[in-house]
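So that the names make sense, note that chain A is the first sequence line, chain B the second, and so on, each numbered from 1.
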Amino acid sequence: MEENTNTPSNFIRDIIDKDLEEGKHNGRVHTRFPPEPNGYLHIGHAKSICLNFGIAKDYNGLCNLRFDDTNPEKEEVEYVDSIEEDIRWLGFDWEDRMYFASDYFGRLYDFAVQLIKESTAYVDSSSAEEIKNNRGTPTEPGNESPFRNRTVEENLKLFEEMKEGKYEDGAHVLRAKIDMASPNMHMRDPVMYRIKRAEHHNTGNEWCIYPMYDYAHPISDWIEHITHSICTLEFEIHRPLYDWFLIELHLEDRPQQIEFARLGLNYTVMSKRKLLQLVKEGYVAGWDDPRMPTLSGLRRRGYTPESIRNFSERVGVAKRDAVTDYALLEHSIREDLNIRASRVMAVLKPLKIVITNYPDDKVEQLETDNNPEDTSAGKRTIPFSKNIFIEQDDFREVPPKKFHRLYPGNEVRLKSAYIIKCNDVIKNENGEITELHCTYDPATKSGAGDSRSVKGTIHWVSEPHAVKAEVRLYDRLFTAEDPEADDTKDFKEFINPHSLDIMSDCLVEPGLADAKPGDKFQFIRQGYFCVDPLSTEGKLVFNRTVALRDSWARIEKKGK
RNA sequence: UGCCCGAUAGUGUAAUUGGCAACACGCCUGACUCUGGAUCAGGAAAGUCUAGGUUCGACCCCUAGUCGGGCAGCCA
C-alpha cells in the first residue's frame with residue numbers, strides 16, 4: 001500500500017531546510033524520541049514518534065530511542081518494554097541506538113563537577129521549603145540562597161559526599177548559579193541534582209543522587225549528537241536553560257530545541273495521570289482497553305500502524321494548541337481497512353427467517369467476493385439454507401419513509417444469495433415478533449446473470465451453519481468534547497455509560513470459527529471488527545474497531 | 001501592572017517567504033452500486049483576531065490592543 005508520500009511542509013521542516021542550507025551540523029539531521037518510562041504510550045506520543053522518525057527518514061538522518069529515566073521513583077521496566085513494543089509495532093526502527101539517560105549518569109556527574117569548578121553551580125543546603133519560598137513568583141524576583149557563595153572547594157567536597165551517600169535525602173541539592181531575578185522562573189538557580197535513595201530500574205542502587213530533566217536532557221542530546229531536539233510546547237520556556245547548560249559547558253555543535261503543539265483529540269483525555277486513573281479506578285479494563293487512546297488500546301481495538309501513521313501525518317505540526325476531530329482518526333482507519341479487510345457476514349441481533357418455498361434439507365454453497373475493493377483477495381463460499389437469520393434492524397413491520405429493507409410485502413436481496421419477499425410476520429402471545437415467513441425467487445440467484453434488482457440488500461447467516469460469537473461495540477469514552485474543560489467537575493463525570501455494549505448472541509458465518517486474535521474483517525454493512533486477543537475457538541470475541549459510515553441513520557434522524 | 005508563546009472555513013493544517021487564500025476531515029447534492037459502504041461528480045463554508053502603519057500590493061513586515069495557552073516540583 002502506498003502511504004502519503006508528499007508530507008506537507010511544517011515549521012520544523014522549514015527550520016531544518018534552513019539549517020541544511022547554512023551548513024549547520026555538517027548537513028546532519030539526527031533526532032530522538034525521549035519517553036519517560038512511567039506509563040504507556042498513547043496516540044499523542046504516536047504523533048511525536050512519527051514526527052521524529054519521519055523527519056530522520058526524509059532527511060536521510062537518524063532517530064534514536066532514548067528513555068528519559070532520571071526519576072527512579074516513577075519509572076519501571078514494564079513501561080520500557082511496552083514502549084519498545086509500541087514503537088516497533090508502529091513501524092519504526094532505532095536499530096542499535098536505544099539509549100537511557102541513565103547511561104550517562106557518570107558523564108553527567110563529571111560535567112556537574114566542571115560547572116562547580118567554574119563557579120556556575122553550587123550545593124544548596126536549604127530545605128525544599130526554603131528553596132520554594134525563595135524562588136519568588138512569576139511577578140516577583142526570588143532571593144539568593146545563603147549557600148550561594150560557597151567556595152569551589154566546599155562545593156566540590158559536598159557534591160562528592162552527596163554522591164557517596166553521606167547525606168540524607170533532601171539534605172542538599174546541586175543548583176545552577178544563574179539569576180534569581182530572572183523573569184523566567186526556570187533560570188532562577190534551577191536544581192540540577194537531588195539526593196534520592198531509590199532503586200533505579202537500570203542502575204539499581206549505584207546512585208543516590210539523580211539529575212533533573214533540565215540538566216540531563218540537553219547533555220544527553222549533545223552526547224548523542226542530536227541536531228534537532230523536538231519537544232512539546234510546555235518546554236518552550238525551558239529553552240534558555242537548555243542552551244545555558246550547553247554554553248556554560250563549552251560544548252560545540254549544540255543541538256537545537258524546537259517545540260511543537262502536542263496532539264489534542266476531542267472526546268478523550270490524553271494525560272498519563274488521567275489515563276492511569278481510568279485504569280486504576282476500574283473505569284476501563286486496563287491500559288489496553290479498546291476504548292483507551294493508548295497505542296496498546298488502539299491496537300486491541302483493531303487500528304493498524306498504517307492508519308495511525310497516516311493520521312499523524314494529517315493532523316499536522318504547528319505551535320498552537322489545537323484539538324483534532326476524532327472523526328479524522330476514524331477516517332484514517334476506515335480508509336486503511338476498506339482496502340485490506342475481508343468482507344464477511346455477521347448478524348448482531350438475529351431475527352429468524354423461514355424461506356417457505358425452499359426445500360427443507362437443501363444446502364447451497366454460494367460464492368462471494370472476499371473484498372470487492374481488492375480482486376486479488378479472491379472468493380469463498382458460504383452456505384445457504386431454508387432457515388436463516390437477518391438483522392432485527394433490517395426489518396420493520398411498519399416501514400418509515402425511504403426504508404429500503406424488509407417489511408411485509410416487500411422484497412430485498414440477500415447479499416450473494418436470492419431475492420426474498422416477506423409474506424408473514426409470526427408473533428408470540430406477547431405480540432413480539434419471533435420469525436418471518438418469506439419466499440425466495442429461484443431465478444434471482446446471485447451471479448446468475450442480470451436478474452431483477454431491488455432497492456435493498458441485506459446480510460444474513462444460515463441457521464444450521466452459523467457460529468456463535470460475542471461482539472463488543474465501542475463508542476467514545478466520554479460524552480463531552482472536552483472532558484477537562486469544566487474545572488468545577490471531574491473529568492470522570494463525563495464518562496460515557498454506553499462506551500461498551502456487549503452483544504453476546506451474535507451469529508457469524510462458519511468460516512469465522514477459526515479466526516485468530518488480531519484478524520480483521522468488515523462485517524458487511526456494519527463496520528470493521530477484529531478478533532480480541534482473549535478470543536478462543538470455543539468463545540469467539542470480536543471488537544468493533546469502527547462502524548461504517550451510515551447514511552441511512554442520517555436520513556432517519558433527519559426525518560424525525 | 002511580570003515573562004514566554006500563539007491566533008487562517010465547523011475542525012486540523014497550507015500558502016512558491018510580500019503577489020490578492022489551498023488541502024484534508026466533516027457537512028450538503030447528485031451519479032453508480034448485490035454493502036444506504038466504497039467510488040465518482042458537484043456544492044456550501046474563512047477574506048486570515050482588532051485597530052493603525054509600511055508598501056503599487058500584507059495572512060506574511062512594524063506598532064498598539066484583544067483573546068487563548070504556558071511559567072512559582074528536589075516531576076518530565
Side-chain angles (χ1 to χ4, degrees), chain A residues 4 8-10 14 34-36 38 68-71 73-75 124 127-128 131-133 135-142 169-170 172-175 182-186 188 190-196 209-210 212-214 216-217 231-240 259 261 263-264 266 272 313-332 334-335 338-339 343 345 368-369 372-373 402-405 412-417 419 444 446-447 451 453-459 522-527 547-556:
Chain A
N4 217 351
S9 78
N10 61 53
D14 290 346
E36 182 186 12
N38 70 340
D68 221 329
D69 56 350
T70 55
N71 185 357
E73 283 170 346
K74 295 186 175 175
E75 297 145 7
D124 192 344
S127 68
I131 289 178
K132 180 184 161 77
N133 292 338
R135 188 156 17 231
T137 70
T139 53
E140 300 160 303
D169 288 13
H172 311 279
V173 290
L174 184 72
R175 289 231 255 172
S182 171
N184 181 342
M185 300 279 294
H186 296 280
R188 320 239 266 226
V191 171
M192 295 167 57
Y193 269 94
R194 70 284 213 194
I195 303 171
K196 189 183 284 239
I209 58 172
Y210 291 95
M212 300 287 288
Y213 166 88
D214 281 319
H217 207 86
C231 64
T232 43
L233 248 32
E234 69 269 28
F235 292 103
E236 197 156 27
I237 201 158
H238 296 236
R239 192 171 53 210
E259 312 84 14
L263 173 71
N266 56 192
K272 280 187 195 173
E313 206 68 70
R314 279 190 261 246
V315 296
V317 181
K319 290 196 69 160
R320 66 171 137 166
D321 296 302
V323 179
T324 293
D325 199 326
Y326 202 87
L328 186 61
L329 219 208
E330 295 189 326
H331 171 260
S332 299
R334 283 196 191 103
E335 176 187 51
N338 177 45
I339 58 170
R343 271 61 171 172
M345 293 205 272
T368 187
D369 285 331
E373 299 293 320
K402 294 184 182 169
F403 188 76
H404 298 157
R405 284 114 95 146
V412 291
R413 170 169 289 282
L414 295 175
K415 171 75 181 171
S416 301
I419 290 176
T444 59
S446 185
S451 61
S453 77
V454 288
K455 274 279 177 74
T457 299
I458 64 175
H459 58 275
Q522 183 197 96
F523 287 1
I524 285 187
R525 303 207 305 132
Q526 307 197 88
L548 251 30
R549 295 182 72 219
D550 188 350
S551 44
W552 164 242
R554 237 173 306 205
I555 293 168
E556 198 180 26

A.B. asks: With a non-hydrogen cut-off below 4.0 angstrom, is A:V454 in contact with a base, only sugar-phosphate, or nothing?
C.D. replies: nothing
A.B. asks: Does A:R554 make a side-chain donor-acceptor contact with the base of B:G36, cut-off 3.5 Å?
C.D. replies: no
A.B. asks: For atom P, what is the distance between B:U16 and B:G53, given to the nearest Å?
C.D. replies: 26 Å
A.B. asks: Taking 4.0 Å as the cut-off, does a side-chain nitrogen or oxygen of A:R135 come that near to OP1 or OP2 on B:C74?
C.D. replies: yes
A.B. asks: Just N and O in the side chain of A:R413: are any of them under 4.0 Å from OP1 or OP2 of B:U35?
C.D. replies: no
A.B. asks: Closest-nucleotide mapping onto RNA chain B: is A:R405 or A:H172 further toward the 5' terminus? I mean the 5' end.
C.D. replies: A:R405
A.B. asks: Is the shortest side-chain N to carboxylate O distance from A:E236 to A:K319 below 4.0 Å?
C.D. replies: yes
A.B. asks: Has the side chain of A:E373 got a donor or acceptor atom sitting under 3.5 Å from an opposite partner on the base of B:G37?
C.D. replies: yes
A.B. asks: Between A:N10 and A:R334, which has a closest nucleotide on RNA chain B that is more 5'?
C.D. replies: A:N10
A.B. asks: Counting distance alone, no hydrogens or angles: does the base of B:U35 have a donor or acceptor under 3.5 Å from a partner atom on the side chain of A:Q526?
C.D. replies: no
A.B. asks: Would you classify A:K196 as touching base, sugar-phosphate or nothing, given that sugar-phosphate means primed atoms plus P, OP1 and OP2, and contacts are heavy atoms under 4.0 Å?
C.D. replies: sugar-phosphate
A.B. asks: Suppose we define a pair by two distances each less than 3.5 Å, Watson-Crick or G-U wobble; what does B:A46 pair with here?
C.D. replies: none
A.B. asks: Parallel, tilted or perpendicular: which one describes the rings of A:H238 and A:H186, with boundaries at 30° and 60°?
C.D. replies: tilted
A.B. asks: Taking only N and O in the side chain of A:T70, is any of them less than 4.0 Å away from OP1 or OP2 of B:A76?
C.D. replies: yes
A.B. asks: Paired with B:C71: which nucleotide, if any, by Watson-Crick or G-U wobble criteria at under 3.5 Å for both distances?
C.D. replies: B:G2
A.B. asks: Using a strict threshold of under 4.0 Å (side-chain N to carboxylate O), is an ion pair present between A:E36 and A:K74?
C.D. replies: no
